[in-house]
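Here is the structure we will look at.
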Amino acid sequence: MSKLLIALFVGAGLGVAGCATQREAPMAAAKPAAPISKDAYDTIVKNADMQYKTDKDACASRSGNAKDICLAEASGKEKVAKADAEAAYKNTPKLREDARVTRAEATYDVAKEKCDDLSGNSKDVCVKEANAALVKAKADAKVDRVAAETRLDAETKQIDARNEATKNKRDADYKVAIEKCDALAGTAKDSCVSGAKVQYGKS
């Protein structure tokens with residue numbers, strides 16, 4: 001995998017900074033990434049660790065809630081990058097769901113910290129909006145995971161049905177061929193039977 005692609009992959013996990021309230025656009029769910037190799041996965045995880053350390057160190061100069069927000073963003077970036085990498089590496093509907101939930105939770109954590117800058121009803125509304133965004137994101141991720149699993153199950157059943165149908169058709173054709181061989185005798189019959197077995201994969 002190229003360094004550019006790896007950088008883009010890690011970068012996809014770095015956009016956790018926005019508040020997930022209705023007044024600010026919540027982070028869009030990442031599209032499923034193309035499957036990656038174990039080496040690429042290891043590289044992304046390593047880069048995420050290094051990026052987290054850099055981001056965390058950058059938060060040291062801040063104080064109060066600004067520091068809390070910064071740390072939540074740094075932690076969220078790392079978690080999202082790693083979850084996305086695992087989903088791409090193992091490439092299962094469940095892990096893709098988990099990655100989306102991780103992204104939603106990271107966005108929620110940042111949004112909740114930003115709500116602390118408010119007070120009274122404004123803060124209450126901010127928290128409720130962040131909670132609602134998290135619930136919706138989790139619900140959507142679950143629906144998509146179930147749909148993906150249903151598609152995979154249907155595809156598996158179709159493949160099994162096609163394989164069974166092919167076998168049944170070959171068996172039926174083999175029986176016809178053997179029946180035709182019965183009209184022969186001696187070497188001709190033996191040759192006919194052998195030919196039928198070869199043609200229809202019978203031992």
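Note that these values count all heavy atoms, side chains included, but never hydrogens, waters or copies made by symmetry.
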- prompt: Under a 4.5 Å cut-off applied to non-hydrogen side-chain atoms, are I44 and I36 in contact?
  reply: yes
task: Please round to the nearest 0.5 Å and tell me the distance separating atom CD of E155 and atom OG1 of T150.
output: 11.0 Å
task: Would you please test D68 and N65 for side-chain contact (heavy atoms from CB on, under 4.5 Å) and show each step?
output: CA-CA 5 Å; D68 293 340; N65 198 46; 3.8 Å; yes
message: Rounded to the nearest 0.5 Å, what separates atom NZ in K90 from atom NZ in K38?
response: 9.0 Å
Donor-acceptor contact below 3.5 Å, side chain S191 vs main chain T187: no
query: Taking it one step at a time, do E149 and R145 satisfy salt bridge (charged side-chain N to carboxylate O under 4.0 Å, His left out)?
result: CA-CA 6 Å; E149 289 178 342; R145 187 256 302 163; 3.2 Å; yes
query: What is the minimum heavy-atom distance between K142 and E97, and which atoms define it?
result: CA-OE2, 3.3 Å
field: Side chain to side chain, K167 and N163, heavy atoms closer than 4.5 Å
entry: no
- request: Find the distance between CG (D109) and NZ (K114) and round it off to the nearest 0.5 Å.
  value: 12.5 Å
- request: Decide, yes or no, whether a salt bridge links K169 with D173 under the criterion of side-chain N to carboxylate O below 4.0 Å.
  value: no
Minimum heavy-atom distance A106-G76, with the two atoms named: CB-CA, 3.6 Å
query: Is the backbone of L71 close enough, under 3.5 Å, to the side chain of S75 for a donor and an acceptor to pair up by distance?
result: no
query: Between D55 and Q51, do the side chains contain an N or O donor and an N or O acceptor separated by less than 3.5 Å?
result: yes
message: Using a strict threshold of under 4.0 Å (side-chain N to carboxylate O), is an ion pair present between K175 and D171?
response: no
message: One thing to verify: whether K82 and E86 come together as a salt bridge, which I'm taking to mean a side-chain N less than 4.0 angstrom from a carboxylate O.
response: no
task: Please check if atom NZ in K79 has more than 12 non-hydrogen atoms from other residues, nucleotides or ligands closer than 6.0 Å.
output: no
- prompt: Are any of the side-chain heavy atoms of I159 and T156 separated by less than 4.5 Å?
  reply: no
message: I need the minimum non-hydrogen distance between A87 and L95, along with the two atoms involved.
response: CB-O, 3.5 Å
query: Atom CD1 of I69 and atom CG of D117: how far apart are they, to the nearest 0.5 Å?
result: 4.5 Å
- prompt: Honestly, is K202 close enough over Y174, meaning NZ or CZ under 6.0 Å from the six-membered ring centre and within 45° of the axis?
  reply: yes
query: Do you know the tightest heavy-atom contact between V127 and C115?
result: N-SG, 3.5 Å
message: Please determine whether a side-chain nitrogen of the Lys or Arg among D116 and K112 lies less than 4.0 Å from a carboxylate oxygen of the Asp or Glu.
response: no
message: Ignoring hydrogens, what is the shortest heavy-atom contact between G201 and R170? Give both atom names and the distance.
response: N-NH2, 3.5 Å
query: Transitively linked via ILVMFWY side-chain contacts under 4.5 Å: V80 with Y52?
result: no
field: Where A148 and R96 come nearest, the two heavy atoms and their spacing
entry: CB-NH2, 4.5 Å
query: Once you round to the nearest 0.5 Å, how far does CG of D42 lie from OH of Y89?
result: 7.5 Å
- prompt: What is the distance from atom CD of E73 to atom OG1 of T107, rounded to the nearest 0.5 Å?
  reply: 10.5 Å
- request: Can you tell me which residue pairs pass the salt bridge (Lys or Arg N to Asp or Glu O under 4.0 Å) test with a partner in residues 186-199, sequence neighbours excluded?
  value: D182-K189
- request: Step by step, work out the salt bridge (charged side-chain N to carboxylate O under 4.0 Å, His left out) result for D57 and K53.
  value: CA-CA 6 Å; D57 290 344; K53 186 178 184 307; 3.3 Å; yes
